[in-house]
Amino acid sequence: MFIEIEEKWQKAWEIAKVFEAEKNKKEKFFITVPYPYLNGNLHAGHTRTFTIGDAYARYMRMKGYNVLFPLGFHVTGTPIIGLAELIAKKDQRTIGVYTEFHNVPLNDLLQLTNPQKIVEYFAREALNALKKIGYSIDWRRVFTTTDEAYRRFIEWQFWRLKDLGLIEKGSHPVRYCPNDQNPVEDHDLLIGDEASIVEFTVIKFKLEDSDLIFPCATLRPETIFGVTNIWLKPVRYVVANVEGEKWIISKEAFEKLEFMDKKAKFIEEVESSDFFGKKVVIPLVDRKVPILPAEFVDTDNATGVVMSVPAHAPYDYVALKDLGVDIEPIVIIGTDGKGVPTKEVVEEFGIEDQRDPDLEKATKFLYKKEFHTGIMLENTGKFAGMRVLEAKEKVEKELFELGLADIFYEFSEKPVICRCGTKCVVRLVKDQWFLRYSDERWKRKVLELLEKMTIIPDYYKEEFKNKIEWLKDKACARRKGLGTRIPWDKEWLIESLSDSTIYMCYYILSKYINDGTIKPENLTLELLDYLFLNRGNLETTKNSGLSDEVIKKIKEEFEYWYPVDLRSSGKDLVANHLLFYLFHHVALFEERYLPRAIAVNGYVSLEGQKMSKSKGPLLTMKKALETYGADVTRLYILHSAEYDSDADWRSKEIDGLVTTLERFFNIVKENYLRETGEITLLDKWLISKFNRAVKEVRDAMDKLQTRKAVNSAFFEIMDDVRWYLRRGGNNLSLILDDWIKLLAPFIPHICEELWHMKHTTFVSLEKYPEFDSKKLDLKAEKAEKYIAKLLEDIKEVKKFVENPKTVYIYPAEDWKVNALKITIDKGLSEALKELSKMGIDKTEISIFAKKFKNMELIPNEKELIEQNIEFIEKETHLKVSMESEKIPLERKRSAIPGKPAIFIC
RNA sequence: GCGGGGGUUGCCGAGUGGCCAAAGGCGCUGGACUCAAGAUCCAGUCCCGUAGGGGUUCGGGGGUUCAAAUCCCUCCCCCCGCACCA
């Protein structure tokens with residue numbers, strides 16, 4: 001394998017500082033990939049995104065650009081803290097996953113009991129892996145998001161966003177564990193990670209002649225017009241003072257209210273049966289309806305008080321039937337059906353009673369149908385004629401305005417159980433800081449930017465557009481985790497997706513921070529304003545304590561490198577990070593600093609299985625490198641799938657690549673230093689084909705299609721080379737300089753090694769091969785194609801001959817060739833006329849007329865065959881003869897230009 | 001449900017009106033080489049065929065066209081996102 005070669009060149013690159021990018025006269029290209037989050041080792045997913053980025057960086061460098069390709073590490077947020085806790089607790093599952101899949105030795109792992117150690121460990125591991133795979137990263141700029149200087153940078157950013165009015169306070173619901181006193185994420189859950197938070201509308205029904213309120217929870221407020229009664233479960237309920245109102249709710253609901261930012265005071269417990277038969281008033285409608293008992297009511301769902309709409313809610317319809325009460329359903333929504341919708345549905349689903357599990361299905365079915373196609377009927381007052389999906393919102397809005405409604409959050413699925421075993425609740429987090437992504441002006445600016453940007457693949461532009469429009473305000477503050485505190489409200493930490501939006505400009509600073517030129521305290525708001533926003537001047541930045549020269553230099557470098565020319569990322573970041581990246585840039589920077597292009601690549605699965613950091617399976621970059629080495633891994637991941645589709649890592653396939661690469665290595669090594677002799681037609685063919693490949697590779701790489709690029713640059717040229725050698729080609733080295741260069745972005749170490757057999761420069765800094773149409777040689781290509789086809793035909797015919805010895809080859813007679821020329825110049829009829837004038841046999845003329853479309857002019861066909869007799873004999877194990885006497889007439893007749901007659905006996 | 005993507009020969013996948021039974025990779029079969037294995041090289045890998053040929057294919061159905069994997073209509077199926085999680 002190539003491990004030694006790889007280490008050798010990595011060292012050489014480092015010593016020669018070939019990837020340390022500095023401002024110069026050349027045109028710049030700034031490419032970034034998202035910095036990895038270090039709650040584990042880098043894996044095949046990172047390998048893919050980063051390798052694509054690196055191949056492109058190397059490609060652009062060889063195309064003559066001054067390329068900056070930096071990387072840092074992301075560690076802010078909660079997962080690292082969570083991980084530290086789990087390791088400290090010696091959580092078996094975690095230990096299993098990290099030793100088995102992240103390849104962390106058990107002894108090392110058990111040391112990682114606090115976030116700091118985790119960050120240090122995985123940063124070291126990541127750096128190792130990233131260097132071993134040979135990325136052309138400028139490592140002088142590396143940083144970690146908990147660095148003091150980075151925090152300064154983030155604080156500055158948040159101040160400026162706040163100045164712009166883009167950060168404000170609000171509240172929002174989260175899944176919450178009352179025991180841990182913390183919001184819970186998917187992986188914190190034992191059961192229920194599918195559950196989402198649903199917003200119930202609570203409609204306040206007043207008890208007749210009383211101030212007692214029955215808060216009915218519903219997802220269909222528009223059906224209020226069809227209410228015939230309300231339901232309580234025949235159990236004990238709670239009467240509570242809820243913000244000045246007297247509510248009757250289930251016990252469970254009462255407990256939940258506390259988390260929903262409602263001041264609820266317990267008054268007493270009551271039997272719901274005390275109210276059965278009494279009447280409540282439907283708000284807005286002002287109709288009186290009875291309170292009735294129902295077993296199907298789930299007291300653990302929302303308020304535990306339910307309004308009954310028997311015409312549109314199958315549960316209600318069935319419950320009324322079960323109860324035997326004589327209440328007529330009130331139909332208020334019209335669809336294509338005629339009668340009472342619930343009646344039809346219940347019959348269709350064959351539902352017996354309210355315990356029938358199919359009731360749920362029937363409910364969903366009807367809900368969907370009515371929501372999407374339903375129209376409000378005349379008995380719904382001013383909402384009559386409206387579509388249901390519109391009426392729903394309007395009714396809700398009106399109820400709220402009149403103070404007749406409230407909101408109750410509930411899980412869509414239950415139960416939701418935390419890993420600690422506690423049942424989770426929905427909690428409304430108050431006074432949370434939000435980024436106002438819903439701001440219309442902000443969105444419009446982002447959309448304008450998007451229009452101007454290049455998005456690869458292009459259909460993602462549409463996807464981005466939709467996501468931008470759909471984006472809502474985002475809570476950007478957390479109680480727990482690593483990160484930077486909100487500078488004006490130190491209780492809160494800045495959420496980790498919000499602190500990684502414009503850090504690409506920080507790479508300009510980090511070089512100076514790492515070499516000690518800048519200390520964290522130098523990064524004053526005024527300095528950053530000046531550097532990045534063109535606000536102020538050298539005078540206003542005096543408080544940084546930096547010299548004018550340093551500031552000028554940094555400023556110049558920012559002006560040079562920004563904006564980011566390409567951000568290449570996995571598709572998992574489309575709906576979050578990449579959006580925020582655009583939003584924050586647009587909000588803060590002047591137009592000329594805005595991102596130019598985004599590329600999105602697909603996932604990587606392992607042997608058909610989804611990878612998972614927290615559960616496995618997982619293939620770490622380190623493991624891949626140990627097993628296959630850098631170049632094999634790189635070539636494999638670049639070739640395994642085209643950028644936008646998902647890749648599946650299969651060890652069987654990559655195993656085969658090792659030998660293919662060795663073959664390449666050996667072929668080049670054996671031929672590279674050989675003197676070239678006289679140029680033959682075959683050599684011209686090779687050069688011509690190679691040139692076509694160059695064009696294909698460049699075209700593909702310009703669109704970041706690495707699979708296509710590798711296919712052309714490696715596999716297809718390899719096939720041509722094999723044919724060339726098989727044909728006795730002797731001047732392979734004619735293309736080897738260029739072939740090595742062509743492959744350098746993909747397999748840089750091997751290419752560097754081979755290159756140095758002949759040169760002393762770095763191939764990584766050489767000029768990428770150019771397509772040269774003058775090197776195309778159609779004549780040579782035609783000739784090779786002709787020979788290949790002839791060989792194929794002979795082999796085909798040979799199959800049908802018993803004990804074959806000799807192949808007679810008979811190229812088309814001159815008259816056919818001439819006739820074809822005339823046909824091409826003057827048309828068929830002219831040619832046929834000529835032929836009869838010449839006295840050619842009528843049968844022959846008619847054969848010609850039928851077949852001329854399949855004919856092709858090959859210069860000197862006969863000569864070409866004669867030159868290749870030896871080759872054909874070797875390949876077919878037949879004697880080749882050009883004598884025509886032995887060939888039967890009907891065989892001879894089949895000879896056409898470009899396809900000689902063959903006779904084997 | 002909404003939005004985005006997709007269904008091609010054993011598998012992964014290229015292919016967007018004729019040059020397509022359809023690139024490339026992988027797998028499998030046979031042969032050459034070898035003491036042998038591996039590697040390498042060659043051939044085959046939808047069906048039929050004692051002459052380089054013919055037939056049937058590109059999720060299902062229908063249509064446009066001299067001509068469709070490729071265009072139109074319709075149906076079926078699969079994947080991803082829908083958030084506060086990096």
Side-chain angles (χ1 to χ4, degrees), chain A residues 34 36-40 74-80 172-175 183-188 196-197 364 367-368 371-372 389 429 432 434-435 437 457 459-467 469-478 481 495-498 500 571-577 579 602-603 608 613-614 636 639-642 644-648 650 652-657 659-660 662-663 666 705 707-708 710-712 714-716 718-719 722 725-726 789-790 792-802 804 854 856 875 877 888 890-891 894 899-905:
Chain A
Y37 187 71
L38 294 183
N39 64 336
H74 194 202
V75 301
T76 42
T78 50
I80 286 179
H172 86 282
V174 296
R175 281 190 306 222
V184 282
E185 296 156 19
D186 276 358
H187 59 262
D188 294 327
S196 58
I197 293 171
K364 282 204 171 121
Y367 177 82
K368 266 182 200 164
F371 183 73
H372 294 288
L389 48 92
V429 180
Q432 170 84 287
F434 278 81
L435 280 160
Y437 291 134
Y459 60 77
Y460 263 94
K461 193 170 249 191
E462 189 63 25
E463 179 85 344
F464 270 109
K465 207 191 234 164
N466 294 335
K467 302 280 184 216
E469 268 153 19
W470 146 95
L471 195 65
K472 298 180 199 133
D473 291 351
K474 175 179 164 59
C476 62
R478 287 294 122 83
E495 186 272 332
S496 67
L497 282 169
S498 312
S500 43
K571 69 178 177 188
D572 49 329
L573 299 183
V574 169
N576 43 66
H577 164 72
L579 282 186
Y603 297 118
K613 268 184 176 183
S614 58
Y636 178 69
H639 185 251
S640 63
E642 200 54 275
D644 55 331
S645 52
D646 297 337
D648 188 26
R650 301 174 181 216
K652 244 186 170 176
E653 279 186 17
I654 187 170
D655 284 345
L657 245 195
T659 56
T660 314
E662 271 166 359
R663 192 195 314 164
N666 292 331
Q705 295 173 341
R707 180 188 171 97
K708 202 176 203 169
V710 168
N711 210 38
S712 301
F714 188 71
F715 292 103
E716 281 176 358
M718 185 69 109
D719 282 353
R722 280 152 79 179
L725 294 174
R726 186 174 154 197
K789 177 66 182 156
L790 178 59
E792 196 182 296
D793 284 346
I794 294 171
K795 285 183 178 174
E796 173 77 12
V797 173
K798 196 181 148 195
K799 284 198 301 196
F800 300 104
V801 179
E802 230 174 287
N854 300 325
E856 196 182 3
E875 290 284 331
H877 303 290
E890 76 271 17
R891 293 272 99 237
S894 73
K899 195 171 164 82
I902 298 164
F903 178 67
I904 298 177
C905 61

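Residue numbering restarts at 1 for every chain, and letters A, B, ... go by the order of the sequence lines.
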Asker: Under 4.0 Å, counting only non-hydrogen atoms across every strand here, what does A:Pro900 touch: a base, just sugar-phosphate, or nothing?
Answerer: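 Base contact - A:Pro900 has a heavy atom under 4.0 Å of at least one base atom.
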
Asker: For a quick check of understanding: with a heavy-atom distance under 4.0 Å over all strands, which category does A:Ala641 fall into, base, sugar-phosphate or nothing?
Answerer: nothing

Asker: Return the minimal non-hydrogen interatomic distance between A:Gln432 and A:His172, and the atom names on each side.
Answerer: NE2-CE1, 3.2 Å

Asker: Report yes if the side chains of A:Tyr459 and A:Lys461 come closer than 4.5 Å at any heavy-atom pair, otherwise no.
Answerer: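 No. Closest side-chain heavy atoms not under 4.5 Å.
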
Asker: Do A:Lys474 and B:rC84 share a donor-acceptor pair, side chain to base, under 3.5 Å?
Answerer: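 Yes.
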
Asker: From C-beta outward on A:Asn711, which listed nucleotide comes closest to its side chain: B:rC82, B:rG52, B:rA23?
Answerer: B:rA23

Asker: Could you measure between the two C1' atoms, the one in B:rU56 and the one in B:rA21, and give it in whole Å?
Answerer: 10 Å

Asker: What contact category does A:Tyr459 fall into here, base, sugar-phosphate, or nothing, at under 4.0 angstrom with non-hydrogen atoms?
Answerer: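 Sugar-phosphate, no base atom in range.
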
Asker: Is A:Ser894 touching bases, backbone alone, or none of the nucleic acid, heavy atoms closer than 4.0 Å?
Answerer: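 The residue A:Ser894 makes base contact.
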
Asker: If you measure from the C1' atom in B:rU70 to the same atom in B:rG18, how many Å do you get, rounded?
Answerer: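 Approximately 11 Å lies between the C1' atom of B:rU70 and that of B:rG18.
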
Asker: OP1 or OP2 of B:rC11 sitting under 4.0 Å from any side-chain N/O of A:Arg650?
Answerer: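 Negative; the distance criterion is not met.
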
Asker: With a non-hydrogen cut-off below 4.0 angstrom, is A:Arg726 in contact with a base, only sugar-phosphate, or nothing?
Answerer: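 Answer is sugar-phosphate: A:Arg726 comes under 4.0 Å of backbone atoms only.
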
Asker: Please name the nucleotide paired to B:rC26 by Watson-Crick or G-U wobble geometry with both distances under 3.5 Å, or report none.
Answerer: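 Result: B:rG10.
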
Asker: When we call it a touch if two heavy atoms are under 4.0 Å apart, what does A:Lys472 touch: a base, just sugar-phosphate, or nothing?
Answerer: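 Since a base atom lies under 4.0 Å of A:Lys472, the category is base.
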
Asker: Could you work out which one of B:rU40, B:rA14, B:rG25 sits closest to the side chain of A:His639?
Answerer: B:rG25

Asker: To the nearest Å, give me how far apart CG (A:Asp719) and C1' (B:rC41) are.
Answerer: 13 Å

Asker: When the C1' atoms of B:rA14 and B:rC26 are considered, how many whole Å apart are they?
Answerer: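 Looking at atom C1' only, B:rA14 and B:rC26 are 15 Å apart.
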
Asker: If each of A:Glu463 and A:Leu471 is mapped to the nucleotide of RNA chain B with the nearest heavy atom, which maps nearer the 5' terminus, i.e. the 5' end?
Answerer: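 First, find each residue's nearest nucleotide; the 5'-ward one identifies A:Glu463.
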
Asker: With a 4.5 Å heavy-atom cut-off, do A:Asp793 and A:Lys899 have their side chains touching?
Answerer: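 Yes, close enough: below the 4.5 Å cut-off.
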
Asker: What interatomic distance, in whole Å, is found between P of B:rG52 and the corresponding atom of B:rC71?
Answerer: 35 Å

Asker: Give the rounded distance in Å between these two atoms: NZ of A:Lys461 and C1' of B:rG5.
Answerer: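 Those two atoms, NZ and C1', are 18 Å apart.
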
Asker: Check whether any side-chain nitrogen or oxygen of A:Arg722 sits under 4.0 Å from OP1 or OP2 of B:rU40, and answer yes or no.
Answerer: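 Negative; the distance criterion is not met.
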
Asker: Among B:rU40, B:rG13, B:rC82, find the nucleotide with the atom closest to the side chain of A:Thr659.
Answerer: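 Taking heavy atoms from C-beta onward, the closest nucleotide is B:rU40.
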
Asker: Could you tell me whether A:Ile904 contacts a base, only the sugar-phosphate backbone, or nothing, with contacts defined as non-hydrogen atoms closer than 4.0 Å?
Answerer: base

Asker: Could you tell me whether A:Lys467 and A:Glu463 have a side-chain N and a carboxylate O separated by less than 4.0 Å?
Answerer: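 So A:Lys467 pairs with A:Glu463 through a salt bridge.
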
Asker: Considering every strand shown, what is the Watson-Crick or G-U wobble mate of B:rU40 when both distances are under 3.5 Å?
Answerer: B:rA32

Asker: What interatomic distance, in whole Å, is found between C1' of B:rA68 and the corresponding atom of B:rU8?
Answerer: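 About 14 Å, rounded to a whole number of Å.
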
Asker: For a quick check of understanding: with a heavy-atom distance under 4.0 Å over all strands, which category does A:Arg891 fall into, base, sugar-phosphate or nothing?
Answerer: base

Asker: Can you tell me the pairing partner of B:rG17 across any strand shown, Watson-Crick or G-U wobble, with both distances under 3.5 angstrom?
Answerer: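 Paired with B:rG17, as far as the under-3.5 Å criterion goes, is no nucleotide at all.
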
Asker: Provide, to the nearest angstrom, the distance between the NZ atom belonging to A:Lys795 and the C1' atom belonging to B:rG44.
Answerer: 11 Å

Asker: Looking only at side-chain N and O atoms, does A:Lys899 come under 4.0 Å of OP1 or OP2 in B:rG53?
Answerer: yes

Asker: Using the C1' atom on both, measure B:rC33 against B:rG10 and round to a whole Å.
Answerer: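 Result for the C1' pair: 29 Å, nearest Å.
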
Asker: Got a donor-acceptor contact below 3.5 angstrom from the A:Asp646 side chain to the A:Tyr603 backbone?
Answerer: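 Flag set: sc A:Asp646 to bb A:Tyr603 pair under 3.5 Å.
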
Asker: Rounded to the Å, how far apart are A:Glu875 CD and B:rA43 P?
Answerer: 7 Å

Asker: When the P atoms of B:rG55 and B:rC41 are compared, how many Å lie between them, rounded to an integer?
Answerer: 36 Å

Asker: Under a 3.5 Å cutoff, is there a donor and acceptor pairing between the side chains of A:Ser498 and A:Glu495?
Answerer: yes

Asker: Do the side chain of A:Gln705 and the main chain of A:Glu642 share a donor and acceptor less than 3.5 angstrom apart?
Answerer: no

Asker: Looking at the side chain of A:Arg478, which of B:rU40, B:rA51, B:rC85 is the nearest nucleotide?
Answerer: B:rC85

Asker: Just call it for A:Asn466: base, sugar-phosphate, or nothing, with non-hydrogen atoms closer than 4.0 Å on any strand.
Answerer: sugar-phosphate

Asker: Using only heavy-atom distances, determine whether the side chains of A:Tyr460 and A:Asp644 contain a donor-acceptor pair under 3.5 Å.
Answerer: no

Asker: In whole angstrom, what separates A:Tyr460's OH from B:rC80's P?
Answerer: 12 Å

Asker: With both distances under 3.5 angstrom, what nucleotide forms a Watson-Crick or G-U wobble pair with B:rG3?
Answerer: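 Partner of B:rG3: B:rC80.
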
Asker: Please report the distance, rounded to the nearest Å, between CG in A:Leu657 and P in B:rG27.
Answerer: 10 Å

Asker: Counting distance only, does the side-chain N/O of A:Tyr636 pair as donor-acceptor with the main-chain N or O of A:Asp655 below 3.5 Å?
Answerer: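 Answer holds: no.
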
Asker: Now, which nucleotide makes the Watson-Crick or G-U wobble pair with B:rU50, with each of the two distances under 3.5 Å?
Answerer: none

Asker: Under 4.0 angstrom, heavy atoms only, what part of the nucleic acid is A:Lys798 near: base, sugar-phosphate, or nothing?
Answerer: nothing

Asker: Between atom CE in A:Met718 and atom P in B:rG24, what is the gap in whole Å?
Answerer: 14 Å

Asker: Between A:Ser496 and A:Lys708, name the one whose nearest nucleotide on RNA chain B is closer to the 5' end.
Answerer: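 Closer to the 5' end of RNA chain B: A:Lys708.
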
Asker: Rounding to the closest angstrom, what is the interatomic distance between B:rG13 and B:rG7 at atom C1'?
Answerer: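 Each nucleotide's C1' atom is 13 Å from the other's.
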
Asker: Give A:His74 one of three labels, base, sugar-phosphate or nothing, depending on what nucleic acid heavy atoms sit under 4.0 Å from its own.
Answerer: sugar-phosphate

Asker: Classify the nucleic acid contact of A:Asp648 as base, sugar-phosphate or nothing, counting any heavy atom under 4.0 Å across all strands shown.
Answerer: nothing

Asker: Remember a base hit wins even if backbone is also touched, and classify A:Asp473 as base, sugar-phosphate or nothing at under 4.0 Å, heavy atoms.
Answerer: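 The residue A:Asp473 makes base contact.
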
Asker: Mind calculating the distance between OH (A:Tyr603) and C1' (B:rG4) to the nearest angstrom?
Answerer: 12 Å

